[in-house]
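Written below as C-alpha cells is the structure these notes are about.
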Amino acid sequence: MLFHIFQKHIDKALDALVTAGDISADTDRSNVTLEPPRDPAHGDLSTNAAMVLCKAAGMKPRNLAAKIVDQLTQIDDVASAEIAGPGFINLRVSETVLASELLEIDRLGPEYGRSDKGKGVTVNVEYVSANPTGPMHMGHCRGAVVGDALADLLEAIGHEVIREYYVNDAGSQVDTLARSAHLRYLEALGEDIGEIPEGLYPGDYLKPVGAALASEFGEDYRDGPESAWLLTFRKAAVAGMMDMIRSDLALLGIEHDVFSSEAELQAAGKPEAAEAILRSRDLVYDGVLEQPKGKVIEDWEPVKLPLFRSTQFGDDQDRPIKKSDGSWTYFGGDLAYHFQKASAADELIDIWGADHSGTVKRIKAAVAALTEGKTKFDVKLVQMVRLLRNGEPEKMSKRSGNFVTIADMVEEVGKDAVRFTMLTRKADAQMDFDFAKVTEASRDNPVFYVQYAHARIQSTLRKAADEGILPSDTHLDRLETEEFDLVKMMAQFPRIVESAAAAREPHRVAFYLNDLAAAFHGHYNLGNDRPDKRILMVNEVETTSARLFLVKNLGQTIRNGLALMGVEAVDSM
RNA sequence: GCGCCCGUAGCUCAGUCGGAUAGAGCAUCAGAUUCCUAAUCUGGGGGCCACAGGUUCGAUUCCUGUCGGGCGCACCA
C-alpha cells in the first residue's frame, strides 16, 4: 500500500542519517508520523520526523529536515520533498506510484483494504446481549450495528473475531417472563385472562409461546402451584424469545458465533470458581457497604455481603457479588462470564448502552484482577438514539408493550439504511434517527449519496460496455491530475480501515465513504462543462478505457467500505 | 453529593496516539441542466473550538478547575 511504502521510505532516510552519524541508532522513532496534511496544497503526505527527532539530534528542526529531505529526494517514488512551517516535510507522490497503486487495488479487488496487522490476536466482541424478555427494539439497534461493524473491521485487519451474545436468563426478569408466558398459556387453553396485570410483560409476542406450551403440555400446568411449572416455562419462554431475537438480528444481517447463558454459567459453578480465585488473592472479602451519600434509601439496612475490592482499581465502592439471599448478583455472574471469555480470547470488547456507564469500572476491575492484567479489555459505550418522525420524537415504552421494533424499522427503511445511518455518528455521541431523512434521496443523506456514487459508476461502465469500451490498464499514462487525485483518496482506504479498527470507531469508514463519494461526484460533474473531462468519450477509446479502469476501482473501494459496514452496494437507482 | 460521557459555524456533526490558515453537510446568497443519472456540481458569507489556568517549540486535542447538557449512583439488570 502507498502509505506503507512511504513509511518505509521515511525509515530508510532516517537510517541513512544514522549511518551518517546525525542521529543515534537508538533514537526513539515511535512519535514519527506520516499522514496526509489537512490542506492538500501542502502535499500528499507530511511527516513531523524532523520536529520530533531534533532534540535527540541536537539540531534545529529545519536543519534536520533539510538532511532528511536530501535523502528523500533521492527516492524515485518521491516527486518532491519540501520543508514547511516549523519543520514539516511535505512529500508529493509520483504518478508512477499512483498508477501502480491503482493496479494494486484492481489486483486485490474485494480484498483491497484488508490486512493481516491483527493476525494471531483473537478478539471477543460481545454485543447486543439484550434481555430475553421481548423482541429487539430501537434501544438495541445502535449497539447491535456498531458491534457488528466493529467485528467486521477487526476481521478486516486480520483478527480472529468471536461474536458473542450474553443471555441474561438467570435473573428475576425471566421469572416475570415465565409468569407472563403462563398467563398466555392459560389464554391459549381458552381462559379469559383479561388485562395483563401490572408487573408482567403485556406484549402479544408471548402469545405464540403460550400456544406452544398449551399444545405441548395440554392442561398439565393449569392449576398447579407456580413451583410446578416455573422452571419449565422459564426455559421455554427464554428459548422462544431467543428465537425471536435471532430472527430480528438476522434482519439486520447480524449473526453471533456464541450465545452464552447466564443460567448455564451458574449451573456450571463458574461464579464460585471466580470467587475462590479472588478470595485467594484477598480481592473478595465479607463486608458491609456504607449507605451511599447524596441519595436517601428508606429501607436501607447494613448487610454483610461478599464484596469485590473494586476500589483497589479505581472504583468508588466495593461491589457485592452475591445478594443477601445467597444468589449471585448480576455483577457476580458477569465477572465469571468475562473470565470465561478471556480464556478463549486475547482481547475483549463489550458494547454497552450508555445507561450502563456506571458499571464500567467494576467490570474492568474484575477483568484486570481475574486475568492479572493480561487480557486487554475495552468497554465501548453507545449513546441513545432518538427516533424522529416528521421532526417529532417518537416515544417508546417497553412497559406498555408499545415500542418501535427493529423488525418495524427494517421493514420501513431497509436494512442498509438502518445500518449505515447508525454508523454516521461516533458511538458516544447521541443521535437522531429520522425516518423521513434516512430514505430521502438527497445530498444530506449519506446512505443515498454514497450509493448514488456507486450506481453512477456502474451505470457509466454499462454504458461504455454498450459502446464496446471496457476498462483497461494499458493506457494509465492518459490519466490526468484530477484523476490521480481520486487515486490518492482511494489509496487512503487501507489506512482508514486500520485506524478505525485501532480506535474501535466504525463510523470513520462511513465518513470516508461520504468524502470519497463527494470527490467522485465532483469529478463526474467536471464533464458537464468540459466534454474532454468526461469519463466516457466514445471517440477516445484509449483514454476512456483508462478512466473506466479508474472508476471501476473507485466503485470497488466504495463496495469494500460498504461491506465493512454490512451494507450492500447498489448498481442502479 | 459522587462517577462516566459530552460542549466545535444559525442547525446536525467530522477533526488521525498534540501539528501548519479548525473542516463537511443542511440552511442562506450567487451560479451550472441542448451534458456519461442535475437524485448532482461550482463559488461566497458565516468560528473567542463553553470558560479560566497549566504542560509544550506548538493545544480543538493532554492535565486541573468552573459553567452548561445527558446518563448512572445500595443485594435491578
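So you know, we letter chains A, B, ... as the sequences are listed, proteins then strands, and number each from 1. When reading the values below, keep in mind they use all heavy atoms of this one structure, side chains included, and skip hydrogens, waters and symmetry mates.
- OP1 or OP2 of B:U37 lies within a sub-4.0 Å distance of a side-chain N or O belonging to A:Ser459.
- The side chain of A:Lys323 sits closest to B:C75 out of B:A74, B:U37, B:C75.
- Residue-level contact check: A:Val360 touches neither bases nor backbone, having no heavy atom under 4.0 Å from any strand.
- Atom name P, nucleotides B:G69 and B:A27: the rounded distance is 31 Å, in whole Å.
- Nucleotides B:A59 and B:C63 place their P atoms 16 Å apart, quoted to the nearest Å.
- Residues forming a side chain to side chain donor-acceptor pair (under 3.5 Å) with A:Asn528 (at least two apart in sequence, or on another chain): A:Asn525.
- As rounded to whole Å, 8 Å separates atom C1' of B:A77 from atom CD of A:Glu262.
- Counting to the nearest Å, the P atom of B:C5 and the CG atom of A:Asp378 are 13 Å from each other.
- Using bins of under 30°, 30° to 60° and over 60° for the plane-to-plane angle, the ring pair A:Tyr337/A:Tyr166 lands in the parallel bin.
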Under the criterion ring pair (Phe, Tyr, Trp, His ring centres under 6.0 Å), I'd like the reasoning laid out for A:His521 against A:Tyr452: C-alpha separation, chi angles, the key distance, then a yes or no. CA-CA 9 Å; A:His521 284 307; A:Tyr452 182 42; 5.2 Å; yes

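- A:Glu301 comes within contact range of at least one nucleobase, with a heavy-atom separation under 4.0 Å.
- For the P atom pair drawn from B:C49 and B:U40, the interatomic distance equals 33 Å after rounding to whole Å.
- With hydrogens and angles ignored, a donor-acceptor pair under 3.5 angstrom links the side chain of A:Ser324 to the base of B:C75.
- In terms of heavy-atom proximity, A:Phe331 sits nearest to A:Pro320 at CD2-O, 3.7 Å.
- Between the P atom of B:G25 and the NZ atom of A:Lys437 lies a distance of 15 Å, rounded to the nearest Å.
- For the C1' atom pair drawn from B:C6 and B:U12, the interatomic distance equals 15 Å after rounding to whole Å.
- Between A:Tyr524 and A:Phe520, the ring planes lie tilted relative to each other; the angle falls in the 30° to 60° range.
- Taking atom P on both nucleotides, B:G43 is separated from B:U60 by 27 Å, rounded to a whole Å.
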Could you write nucleotides 10-16 of chain B as a row of B, S and -, 5' to 3', where a protein heavy atom under 4.0 Å of any base atom gives B, of only sugar-phosphate atoms gives S, and otherwise -? --SSSSB

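- Within 4.0 Å (heavy atoms only), A:Ala354 reaches sugar-phosphate atoms of the nucleic acid but no base atom.
- Partners of A:Asp325 by side chain to side chain donor-acceptor pair (under 3.5 Å), not counting sequence neighbours, listed by chain and number: A:Ser327.
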Before you tell me yes or no, could you show the steps for A:Arg279 and A:Asp286 under salt bridge (Lys or Arg N to Asp or Glu O under 4.0 Å), namely the whole-Å CA-CA distance, both residues' side-chain angles and the distance that decides it to 0.1 Å? CA-CA 10 Å; A:Arg279 275 195 192 271; A:Asp286 296 308; 3.0 Å; yes

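- Among the candidates A:Glu542, A:Glu540, A:Glu483, the single residue satisfying the salt bridge (charged side-chain N to carboxylate O under 4.0 Å, His left out) test with A:Arg547 is A:Glu483.
- Between A:Gln383 atom CD and B:G7 atom P the separation is 11 Å, expressed in whole Å.
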Let's go through A:Phe433 and A:Phe435 carefully: what are the C-alpha distance in whole Å and the side-chain angles of both, what is the deciding distance for ring pair (Phe, Tyr, Trp, His ring centres under 6.0 Å) to 0.1 Å, and is it a yes or a no? CA-CA 6 Å; A:Phe433 184 97; A:Phe435 276 100; 5.5 Å; yes

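- As judged by a 4.0 angstrom heavy-atom cut-off over every strand, A:Asn445 is placed among residues making no nucleic acid contact.
- Distance CG (A:Asn168) to P (B:C76): 14 Å, rounded to an integer number of Å.
- Judged as a side chain to side chain donor-acceptor pair (under 3.5 Å), and not counting sequence neighbours, A:Asp316 has no contacts.
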Each nucleotide of nucleotides 39-47 of chain B classed B (base within 4.0 Å of a protein heavy atom), S (only sugar-phosphate) or -, in 5' to 3' order, makes BBS------

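- A residue-by-residue look at A:Lys463 and A:Asn48 shows that A:Asn48 has its nearest nucleotide of RNA chain B further toward the 5' end.
- Considering only side-chain N and O atoms, A:Lys361 lies nowhere under 4.0 angstrom from the phosphate OP1 or OP2 of B:C5.
- Under the rule for a ring pair (Phe, Tyr, Trp, His ring centres under 6.0 Å), the partners of A:Phe493 that lie at least two apart in sequence or sit in another chain are A:Tyr112, A:Tyr512.
- You cannot call A:His356 stacked on the base of B:G72; the centres under 5.5 Å and planes under 30° rule is not satisfied.
- Counting any heavy atom pair closer than 4.0 Å across all strands shown, A:Thr359 reaches a base atom.
- When the C1' atom is used for both B:G58 and B:A20, the distance is 10 Å, rounded to whole Å.
- Listed in residue order, the members of residues 530-555 of chain A having a heavy atom less than 4.0 Å from RNA chain B are A:Arg534, A:Ile535, A:Leu536.
- The distance between atom CH2 of A:Trp352 and atom P of B:G72, rounded to the nearest whole Å, is 15 Å.
- We find that CZ of A:Arg319 is positioned 13 Å from P of B:G3, with the value rounded to whole Å.
- One interatomic measurement links the two molecules: CG of A:Asp315 to P of B:G72, which rounds to 17 Å at whole-angstrom precision.
- With sequence neighbours left out, A:His454 forms a ring pair (Phe, Tyr, Trp, His ring centres under 6.0 Å) with no residue at all.
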Distance-only donor-acceptor hits, side chain of residues 494-504 of chain A, under 3.5 Å, sequence neighbours excluded:
residue, atom, partner, partner atom, Å
A:Glu498, OE2, A:His4, NE2, 3.4
A:Ser499, OG, A:Arg495, O, 3.2
A:Ser499, OG, A:Ile496, O, 3.2
A:Arg504, NH1, A:Asp378, OD2, 3.0
A:Arg504, NH2, A:Glu347, OE1, 2.9

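- Taking the P atom of each, B:U8 and B:G44 are spaced 25 Å apart, rounded to whole Å.
- For A:Gln340, the side chain to side chain donor-acceptor pair (under 3.5 Å) partners are A:Lys270, not counting sequence neighbours.
- Screening residues 126-138 of chain A for salt bridge (Lys or Arg N to Asp or Glu O under 4.0 Å) gives A:Glu126-A:Lys341 as the qualifying pairs, with residues at least two apart or on separate chains.
- Within the 3.5 Å criterion, the main-chain N or O of A:Val413 finds no donor-acceptor partner in the side chain of A:Thr439.
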Verify side chain to side chain donor-acceptor pair (under 3.5 Å) between A:Tyr285 and A:Asp318, making sure each step is shown before the conclusion. CA-CA 10 Å; A:Tyr285 66 103; A:Asp318 290 338; 2.5 Å; yes

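- Nearer to the 5' terminus of RNA chain B, by closest-nucleotide assignment, is the contact made by A:Ile89 (compared with the other of A:Ile89 and A:Asp529).
- Stem list for RNA chain B (at least 3 consecutive Watson-Crick or G-U pairs, distances under 3.5 Å): B:1-7 with B:67-73, B:10-13 with B:23-26, B:28-32 with B:40-44, B:50-54 with B:62-66.
- B:C4 and B:C41 have their P atoms separated by 43 Å, with the value rounded to a whole Å.
- Stacking of A:Phe88 onto the six-membered ring of B:A20 is present: less than 5.5 angstrom between centres, less than 30° between planes.
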